[in-house]
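Structure record follows, encoded as structure tokens.
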Amino acid sequence: MDSQQAKGIAPSEGSPGAKGTVHMTDERCKGCSYCVVFCPTGALAMGGRINRKGYHLPELVHPDKCNGCDMCGLYCPDFAIFGVRTNRKKTDGEP
Amino acid sequence: MKADPKAVDTGIHFIDGNEACAEGAIAAGCRFVSGYPITPSTEIVEHLAKRFPKIGGLFIQMEDEIASSIAFQGAIWGGQKSMSVSSGPGISLQMEHVGLAAMTETPCVFVNVQRGGPSTGLPTLPAQQDVMQARWGSHGDYEVIALAPNSPQECFNRIITAFDYSEKYRAPVFFLMDECVGHMLGKVKIPPADQIELVERKMTTRKPGEYLPYRIYDGDVPEMTRAGLGHNVHITGLTHDERGYPAMNAETQDVLVRRLCNKILHHVDEISIYDASQVEGSDVTVISYGMTARVAAYAVETARGQGIKVGNVRLVTLWPFNDKLIRDIVDNSKAIIVAEMNLGQMVHEVERAARDKVPVHLLGNAGGAIIPPEAFIAKIKEVVS
Amino acid sequence: MSDAPRNPVEKLLRTERMPHIWCPGCGIGTSVNCFARAIEQADIPYDKLHVVSGIGCSGRVAGYVNVDSFHTTHGRAIAFATGLSLSRPSAKVVVYSGDGDLFAIGGNHFIHAARRNIDMTVICINNFTYGMTGGQVTPTTPLTAKASTSPYGNFEDSFNLPNLAEACGAVYVARWTIYHVRQLTRAMTKALSTKGFSFLEVLAPCPTLYQRRNKLGDGVAMVQFFKDHSTIKNGASTSEVGLGFQSDMIVGEFVDRQRPTFMDNYNARMKEVLGDSFVPFEGIK
């Protein structure tokens, strides 16, 4: 159960100035990269981290760009990643 | 639990077996039926289509027999008591859902008014050719219960037994009528509702979070729930663990399938219904069921009148098969005749249980007509000499 | 329970069954994200929501959602759901299944449930193939696309699902792709809030089987294709929304109308004919 606990993946749970951040349950991820490709602000990238099954995991490489819109959460087919708003101001990323 | 007085049509009626079956189902508390027209069972659903709107029931004529055989299971998981009704080719189409009911432990009744087969066969003429199909028709190992009535009154009484068994054992129960019994007119006495005792569904009283749909809390049948009680159960035809979750491995399969079989096989004595007369010391015993048992009764009486010692056994419960009953017959009679409107189905079970200790003879036909009394008497004389 | 942020889909999931069995890049999980949000937006309590699936990859949805859920037999989810819906009039019954399950083996049940206007929502994940059994041709595989049982390219015409649904009587019909997550969520919300037979076609990638065999790249490539080749046309005539192999596609909300449901018609007719002797079927509340 522990491995299914979502964790913040950005340094210190997101950038202090950012409007949002993302959380990740590593063991569910299958590395499809939907979250990276469809992030409206380009905040994510596939990184070097891998999970127990060997899938490469996304990383919040530009924490300042994350607005917590949760498009990553909507796209993620594995229920592994999701975004949350931290400092409020609504900017929906709509495809 | 008693039957609903607002629905039971108490009184003396002159009706056929099909209508009696429908009235019995109503008395048993059945309020949802999915069916599809097929001879010779159609009058059952026709009667229900007329009666249900007046007693708060719902009949839906589905698009085919396959749909009929699963729509009612949806209704049962929604909390209803229900049955599906068909014959011959329709029953062949429904077999997958007999397996689903066995696997998901859905308490349900499949009525089969048997006609001659294979294929389209003899839609309007009787047969007892679906006995083995009822037992083995769906793939995989499982057990069913099957009852064979032999009169309109029994169609009424025993369909209630069929519902009771389905609730008690959470298993599919076949009601194996045949064209003759279905279309036979006779006196049917429907008692007052307060004289009709029903077996209640074993619903769980456990709260969400404290209940697993396939855990055995006591006995050998799991407690049931239905959709909407907050238990958030998952019900699947896949091999599943006690949470109801799919588990694709031999261990789970072994535990589950053995339990599905044993919950029936360990209760053969309670489930088995039969009539037996003058078996002890007889030279031959006739075993029959359904319509054939009516002819057997007449033929046996006639033979007895001619001084032949004949035992008579009528099976009402066909499945699970009562081996012990056959062993008793073997110990008390010198030979057995199994009479059935097929080319030999139940006779194999009898032979197996008799273990070659006495000769077992078949008196059968290929369906399409009852076996006449003369054939019985001739067979009895042949075996005795 | 920690007060850590929770994935909005989490509440709907049987989390102890995660990770799920779907392949990397499979679109089914994405549709479940939309479904979870739509249930919230439609304000349906979980004990009034029942999910029924048939067999196949999409058929596994029932096993992952933490509501009363039924994983039935191949093709028969709608027939099971018909009985369940009629006996649970206060609940919303959702059939979640795939194109092969719903439209090949299950086609008869689809057309009749739509005709009867049974109160249910049917969500079809259309990934153009039978995934679970290894990528065989389905009634929605586009012409010329390869499948394991059409190794030289499909030569059968495929179904135009929205057109079929409309012709059969569905009261709400929409098509979106896995790219259109927000619109799909809204369409699901609307379908869940609509009384009667509603139908959603969800075009989804199957990278492992359909795409690999047809050299269409990975999941992202397909979703990108959906993005680049789809045109939103709400109210489009369903006769114009057929799909070809890697053709442009029209997406949107196509049908939104009202018709009395099966039970509406039943009750009205019986009341009219039987008067006071009619006792309505209440089901179990």
Side-chain angles (χ1 to χ4, degrees), chain B residues 6-7 31-34 50-82 84 96-97 99-101 103-104 106 208 213 225-238 240 243-246 248, chain C residues 14 16-17 21 45-53 55 60 62-91 93 108-109 111-113 115-116 118 262-263 266 269-270 273-274 277-285:
Chain B
K6 291 202 285 294
R31 292 293 178 273
F32 182 97
V33 167
S34 48
K50 226 184 287 173
R51 279 275 275 141
F52 268 171
K54 298 174 183 172
I55 59 166
L58 183 68
F59 167 70
I60 180 168
Q61 182 174 311
M62 295 299 289
E63 50 273 17
D64 56 33
E65 286 98 341
I66 300 173
S68 311
S69 64
I70 190 166
F72 86 125
Q73 297 192 39
I76 290 165
W77 282 100
Q80 294 294 316
K81 264 186 153 181
S82 186
S84 122
E96 184 182 8
H97 293 141
L100 178 72
M103 193 59 144
T104 54
T106 303
T225 184
R226 62 163 174 84
L229 293 180
H231 290 116
N232 295 344
V233 290
H234 182 57
I235 306 301
T236 176
L238 284 168
H240 46 269
R243 297 171 300 175
Y245 292 173
M248 302 297 100
Chain C
R14 299 181 190 275
E16 67 272 31
R17 298 203 64 213
I21 62 160
Y46 280 10
D47 62 351
K48 298 255 186 228
L49 179 78
H50 311 324
V51 175
V52 184
S53 286
I55 300 298
R60 288 305 185 98
Y64 293 131
V65 292
N66 195 22
V67 297
D68 289 319
S69 55
F70 302 91
H71 182 228
T72 63
T73 52
H74 193 24
R76 318 302 171 197
I78 289 177
F80 182 97
T82 297
L84 183 61
S85 171
L86 294 174
S87 69
R88 291 275 299 135
S90 63
V93 174
N108 199 26
H109 312 307
I111 64 175
H112 288 280
R115 172 182 65 81
R116 294 184 180 113
I118 302 285
F262 176 89
M263 284 312 290
Y266 175 80
R269 180 72 189 163
M270 294 304 158
V273 177
L274 297 176
S277 61
F278 172 50
V279 181
F281 175 74
E282 305 280 0
I284 309 277
K285 288 274 153 63

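Here is the naming used below: chain letters follow the sequence lines, and residue numbers restart at 1 for every chain.
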Nearest heavy-atom approach of C/Val67 to C/Leu49 is CB-O, 3.5 Å

Looking only at C/His112, C/Arg116, C/Met270, most heavy-atom pairs under 4.5 Å shared with chain B are made by C/Arg116

**OP:** May I have the step-by-step check of salt bridge (charged side-chain N to carboxylate O under 4.0 Å, His left out) for C/Glu282 and B/Arg31, ending in yes or no?
**Re:** CA-CA 10 Å; C/Glu282 305 280 0; B/Arg31 292 293 178 273; over 6 Å; no

Given B/Pro213, B/Ser34, B/Gly228, B/Ser82, the one with more heavy-atom pairs under 4.5 angstrom with chain C than any other is B/Gly228

Do C/Tyr266 and B/Leu58 have side chains that approach each other closer than 4.5 Å (heavy atoms only, starting at C-beta)? yes

Greatest number of non-hydrogen atom pairs under 4.5 angstrom with chain C, of B/Val233, B/Leu238, B/Thr236, falls to B/Val233

Worksheet entry | Flag, side chain of C/Arg60 to backbone of C/Ile55, donor-acceptor distance under 3.5 Å | no

Counting only N and O atoms by type, is there a donor-acceptor contact under 3.5 Å from the side chain of C/Ser69 to the main-chain atoms of C/Ala62? yes

Whatever's closer than 4.5 Å to a heavy atom in chain B on C/Arg88 counts as side chain

When the 4.5 angstrom heavy-atom criterion is applied to B/Ile76 and chain C, the contacting part is neither

When the 4.5 angstrom heavy-atom criterion is applied to B/Ile55 and chain C, the contacting part is backbone

Turns out that what part of B/Arg226 lies under 4.5 Å from chain C's heavy atoms comes down to both

Whatever's closer than 4.5 Å to a heavy atom in chain B on C/Ala91 counts as neither

Residues at least two apart in sequence or cross-chain that pass salt bridge (Lys or Arg N to Asp or Glu O under 4.0 Å) with B/Lys6, listed by chain then number, are none

Most heavy-atom pairs under 4.5 Å with chain C, out of B/Leu100, B/Ile66, B/Leu229, belong to B/Ile66

The salt bridge (Lys or Arg N to Asp or Glu O under 4.0 Å) partners of C/Arg115 (sequence neighbours excluded) come to none

Discussion item. We want to know whether C/Arg76 and C/His109 form a side-chain donor-acceptor pair, criterion being a heavy-atom distance below 3.5 angstrom.
Written reply: yes

So, the part of C/His50 with a heavy atom under 4.5 Å from chain B: the answer is side chain

Scored by heavy-atom pairs under 4.5 Å with chain B, the best of C/Thr82, C/Thr73, C/Val51 is C/Thr73

Scored by heavy-atom pairs under 4.5 Å with chain B, the best of C/Leu84, C/Leu274, C/Asp47 is C/Leu84

